[in-house]
Amino acid sequence: MLQNIVYAILALITWSAFAYKAKDLIKDWRNRELRLLCLAIATFATPFVTASPWLYVRIDSCLGYPNIATLITYVSVAVCLASFVALLVSWSSAQSKIRLRHRMIVAYSVTTILSMIVLFFVGDVNDAERPIDFDVYYARAPFITQFLLVYFILFSVSMSGLVRLCWKYAKAVDAPWLRLGLRTVTIGACFGLGYSVLKTASLVWGLFGDSPLAVASNDIAPMSASVAAAAFSIGFTMPAWGVGVTRARGFVGDFRAYRQLYPLWRDMAQAFPEIVLLPATSRQTRWSIRTLPRLVGRQVIEVRDGRLALRPHYDTEVEHTTRDMQFLRHRQVVEIRDGQLALRQHYDSSVAESARALGRAQGLTGDDLEAVVEAAQIAAALRARAAGASQRIPRRLLTHDPAAGDIILEADWLTRVAQAYRTSPVVAAIVSNAQAADDAVIA
């Protein structure tokens, strides 16, 4: 049955979200907002276990009361909604008003839950177990109508409150993941409101005759509630795991920039070893499809043996550097700039003029052109130094610097320069022309 599969997936998602936040709750049990969040997620996850048709009948059989799983499901949802609203009140209200508003929420929720319990047991639901269409089948049963109406009113009020509070609070917060999480919860609350509106409309209509909304109440409404549950689980936990996503994204960006800067940095480091803070080691290993598994297995064993042997000689600075990609990237920037200063005796203004003319001929303008010019100057200066060209009188190095001293922007700029240094045909042409000129002089 489709509902069994859907509910199982959502139960897995929501209980995983609870386990994720429960770790934080264990570390900080006194955190009121964290307690409310964990209670809300746990009680929202429970209905996807108890309302699953496969488990529904087994819960009834175990407890010995027909349709008792419906009461457990609805009470869990009521507690969940009260917890969510209380959590939003804590986030969006002044401290002086939080306690009063919490008491009002608790009073309304407790009154509703007690009313639901009394009405359920006073009513007669012994006719048949209805895991899918309980709301429609018992809509006209004495006291069960009131039971359902009380529950749907609580659901609608809570969802309306969540929509208003989440949308309002999302506009006021600065943290991007919290803001996105609250907007996700707002979308979920809209789906939840759709669930309660469909259920309420079908219930009221059923009091006067057969409701044409019975199919929507049985099939569409539960799916709408399922979307709401998934959105709540994602939205309320997003501020926690979103930070990890940001860090991972930052690491990927730094690593990509590090690899792009590497060819330029490598040539600078080879020309001026004294500028290098932490020397790099070769990572090149010959391999093929046949030999790769054997090489990898051998490397694993040998690396572990080597780590054990080297433990007394570990350098904490190197160990820190290998874990900090941003530090590696910034180190490259500083060392490249140091290398440019050391190369200033070999800079030639004619190289810059030729590179600029070739770049313009290829349609380059603005920063793209300046990056190619700077890369060409570096490449030509490194070639001249390696060839033993006579040093000129040092002069002030006039480089294009859109970063204005900002290390992040400077890293981005040098990444563009490194890209041009590695791939630009202009840089290759400048170096080739310089080599041809040297060969002509020698000849």
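It should be emphasised that the depicted structure is a prediction, and the values quoted were computed from it without experimental measurement. Keep in mind that the numbers below use all heavy atoms, side chains included, and drop hydrogens, waters and symmetry copies. Counting from 1, the numbers follow the sequence of the chain as shown.
- Taking 4.5 Å as the limit, every side-chain heavy atom of F143 sits out of range of all side-chain heavy atoms of V118.
- Taking the six-membered ring where tryptophan is involved, the planes of F134 and F147 are perpendicular, since the angle between them exceeds 60° and thus also 30°.
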Inset, instruction - Just do the side-chain hydrogen bond (donor to acceptor under 3.5 Å, both in side chains) check on R416 and Q419 with the steps written out, would you? - result: CA-CA 5 Å; R416 299 179 67 173; Q419 184 74 8; over 6 Å; no
Inset, instruction - Evaluate the criterion salt bridge (Lys or Arg N to Asp or Glu O under 4.0 Å) for residue pair K27 and D24; output intermediate values, then yes/no. - result: CA-CA 5 Å; K27 298 176 183 178; D24 298 330; 5.0 Å; no
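- With F120 as the partner, the side chain to side chain contact (heavy atoms under 4.5 Å, CB included) test is satisfied by one option alone out of L71, V75, L148: L71.
- Relative orientation of the W265 and Y262 rings is tilted, given thresholds of 30° and 60° on the angle between their planes.
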Inset, instruction - Starting from the C-alpha separation in whole Å, work towards a yes-or-no answer on side chain to side chain contact (heavy atoms under 4.5 Å, CB included) for Q332 and L264. - result: CA-CA 9 Å; Q332 283 181 326; L264 177 57; over 6 Å; no
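- Looking at N67, its side chain does come within 3.5 Å of a backbone N or O of A128 through a donor-acceptor pair.
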Inset, instruction - Decide side chain to side chain contact (heavy atoms under 4.5 Å, CB included) for W241 and I234; before the verdict, give the C-alpha distance in whole Å, the side-chain angles of both, and the deciding distance to 0.1 Å. - result: CA-CA 9 Å; W241 55 259; I234 295 170; 3.8 Å; yes
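- Screening L37, L87, I98 for a side chain to side chain contact (heavy atoms under 4.5 Å, CB included) involving R32 leaves a single residue, I98.
- In summary, the aromatic rings of Y65 and F121 are positioned with their centroids under 6.0 Å apart.
- L414 places a side-chain heavy atom less than 4.5 Å from the side chain of R337.
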Legend entry - Chi angles and distances behind the salt bridge (Lys or Arg N to Asp or Glu O under 4.0 Å) call for E33, K21: CA-CA 11 Å; E33 285 76 15; K21 295 306 297 179; over 6 Å; no
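- When side chains are defined from C-beta on, V245 counts as touching W177, because their heavy atoms get closer than 4.5 Å.
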Inset, instruction - Show your working on side chain to side chain contact (heavy atoms under 4.5 Å, CB included) between S90 and H102 and close with a plain yes or no. - result: CA-CA 8 Å; S90 295; H102 276 185; 2.9 Å; yes
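- Between Y108 and L154 the shortest side-chain heavy-atom distance falls below 4.5 Å.
- The side-chain heavy atoms of L198 and S202, taken from C-beta on, include no pair separated by under 4.5 Å.
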